[in-house]
Novice: 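My questions all concern the structure below.
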Protein chains: 2
Amino acid sequence: MKNNLIKYCQSLLDFSESEISIIKDYFITTTIGKKDYLLQENKVCDFVAFIEEGSIRHFHIKDGNEITCDISLENNFITEFKSFNNGSKSYISFQTLEDTKVQIIKKNKLLELYKLYPKYEILGRKIAEKVAMRNTAIALSLASSKPETRYKELLNKNPEIFQRVPQKYIANFLGIKPESLSRIRKRILFN
Amino acid sequence: MKNNLIKYCQSLLDFSESEISIIKDYFITTTIGKKDYLLQENKVCDFVAFIEEGSIRHFHIKDGNEITCDISLENNFITEFKSFNNGSKSYISFQTLEDTKVQIIKKNKLLELYKLYPKYEILGRKIAEKVAMRNTAIALSLASSKPETRYKELLNKNPEIFQRVPQKYIANFLGIKPESLSRIRKRILFN
DNA sequence: TAAATTTCTTAACTAAAGTCAACGTTTTTA
DNA sequence: TAAAAACGTTGACTTTAGTTAAGAAATTTA
């Protein structure tokens, strides 16, 4: 059985066979149907998830509108740290965009893992660092370029996303309306 | 002597007196003059810094333009994780906006600390999580609101920043041009 | 597979941001 | 403290995004 989680962890740290099997024991694999929720806003995020296959949209509802602040494909960890750490209500929802297979570890199990084997604490740190890096890059992109450039960069860096994710969510992630994304695409065609 | 770093660490984890003095030993306090650099783009970021007093602007140069992707005041940790972890060139510069006092730990000392006392590994994880949370919030804000709303929210959440940071950097951080920020401010006055 | 729903595109119009240039104000520095 | 530099505001104009509405295309569902 394919296990991207293990590969990913091994890319972060050297683990022995027995350490690997501990990870396997602690994570639970689940499949979530398309458009179902891994986390609903205002519920507590008591887990960390790794996407084995599929895609998940991170969004927040503001003035009745959904704001997509990230779109994660396979081989990414996701959690809402604030809620996870403080036990507060999450201000973000995680919704699948396709049938999605995730490996999940619940907070209590993760804390147990941290306590039992300090090495997993290192793993936890590295995962948090990865999430931080990704969010830094997203913020930079949004602060810097104009929408057209952001579109081109995303297309360049992650063309697959356009095959798999409805444009309206991509538009939202780029910080614009779907109509504007349409226009940008058209504009580029004729350049 | 005031030591915000210690207070901050204690807010994240319980440390004994001796554990605290280890932190004090490992961090070095430096003062950086206004507009000087803590890190220059394309150099390796081999440290984690904590701002005791002052403010630091995070920016990236793109097509010859500086893009301010964050503005950190006192009581924040800053580092560029990608460069720090991989030893690659940083794509971000850290420049002070005022005379700024930072406490710095170099990578080799931090790794030593992690190895010697696993508890600091937990601290490292929590710091990374904090950075991730902050960047998530920034990305969400940029993806969501229109500039005027972002301005109001920043003003509401962090009014001090407007007393201490030149508007052109704030404008840039809000993803707009200084002229636009001027106009937004004017527009709000007459509403 | 036909109907219903959702998504994408287009158009016309409005609102807002970008650009360029000028000028007054503030801050820096010599 | 006088001169220079940097910063903020304003105005005129251009470009681009938002809004609304309609219809085409694709996808979902019965």
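Order of the sequence lines sets the chain letters (A, B, ...), proteins ahead of strands, with each chain counted from 1. Only heavy atoms go into these numbers, but all of them, side chains included; no hydrogens, no water, no symmetry mates.
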Novice: Looking at dA17(D), I'd like to know if its phosphate oxygens (OP1 or OP2) sit under 4.0 Å from a side-chain N or O belonging to Lys146(B).
Specialist: no
Novice: Could you tell me how far apart Asn65(B) (CG) and dG18(C) (P) are, to the nearest whole angstrom?
Specialist: 12 Å
Novice: Measure from the side-chain heavy atoms of Ile176(B) and tell me the nearest of dT16(D), dT9(D), dG18(C).
Specialist: dG18(C)
Novice: Of the nucleotides dT19(D), dA6(D), dA17(D), which one has an atom closest to the side chain of Ser180(A)?
Specialist: dA17(D)
Novice: Compare side-chain N and O positions of Lys35(A) against OP1 and OP2 of dT29(D) and report whether any pair is under 4.0 Å apart.
Specialist: no
Novice: Could you tell me the separation between the CZ atom of Arg187(A) and the P atom of dC8(C), rounded to a whole number of Å?
Specialist: 18 Å
Novice: For Arg185(B) and dG8(D), what is the distance between atoms CZ and C1' respectively, to the nearest whole Å?
Specialist: 9 Å
Novice: Checking ring pair (Phe, Tyr, Trp, His ring centres under 6.0 Å) for the pair Phe47(A)/Phe27(A): CA distance, chi angles, key distance, verdict?
Specialist: CA-CA 10 Å; Phe47(A) 64 84; Phe27(A) 279 82; over 10 Å; no
Novice: Using whole Å, what does the distance between atom P of nucleotide dT19(C) and atom CG of Leu181(B) come to?
Specialist: 15 Å
Novice: Of all the nucleotides listed (dT7(C), dT9(C), dA17(D)), which has the minimum atom distance to the side chain of Pro147(A)?
Specialist: dA17(D)
Novice: Take the protein atom NZ of Lys177(B) and the nucleotide atom P of dG18(C), then report the distance between them rounded to whole Å.
Specialist: 7 Å
Novice: Looking at Lys126(A), I'd like to know if its NZ atom is crowded, meaning that more than 12 non-hydrogen atoms belonging to other residues, nucleotides or ligands lie closer than 6.0 Å.
Specialist: yes
Novice: Is there a ring pair (Phe, Tyr, Trp, His ring centres under 6.0 Å) between Tyr120(A) and Tyr26(A) once you walk through the steps?
Specialist: CA-CA 11 Å; Tyr120(A) 298 104; Tyr26(A) 272 77; 7.6 Å; no
Novice: Flag the pair Glu74(B) and Arg164(B) as a salt bridge only when some basic side-chain nitrogen lies within less than 4.0 angstrom of an acidic carboxylate oxygen.
Specialist: yes
Novice: With a 4.0 Å cut-off on N to O distance, would you call Arg183(B) and Glu179(B) a salt bridge?
Specialist: no
Novice: Could you state the CD-P distance from Glu148(B) to dG18(D), rounded to the nearest angstrom?
Specialist: 14 Å
Novice: Kindly indicate whether the side chain of Arg183(A) and the base of dG18(D) share any N or O donor-acceptor pair separated by less than 3.5 Å?
Specialist: yes
Novice: Near DNA chain D, under 4.0 Å by heavy atom, which residues of residues 157-174 of chain B?
Specialist: Pro166(B), Gln167(B), Lys168(B)
Novice: Starting the side chain at C-beta, find the nucleotide from dG8(D), dG18(C), dT6(C) nearest to Ser182(B).
Specialist: dG8(D)
Novice: Rounding to an integer number of Å, can you tell me how far Leu97(B) CG sits from dT27(C) C1'?
Specialist: 15 Å
Novice: Mind calculating the distance between CD (Glu179(A)) and C1' (dA15(C)) to the nearest angstrom?
Specialist: 15 Å
Novice: From C-beta outward on Lys186(B), which listed nucleotide comes closest to its side chain: dG18(C), dT10(D), dA17(C)?
Specialist: dT10(D)
Novice: So that I can tick it off, tell me whether Glu148(A) and Lys152(A) are bridged by a salt bridge, with the cut-off set at under 4.0 angstrom between side-chain N and carboxylate O.
Specialist: yes
Novice: Is the number of heavy atoms from other residues, nucleotides or ligands under 6.0 Å of Ile28(A) CD1 greater than 12?
Specialist: no
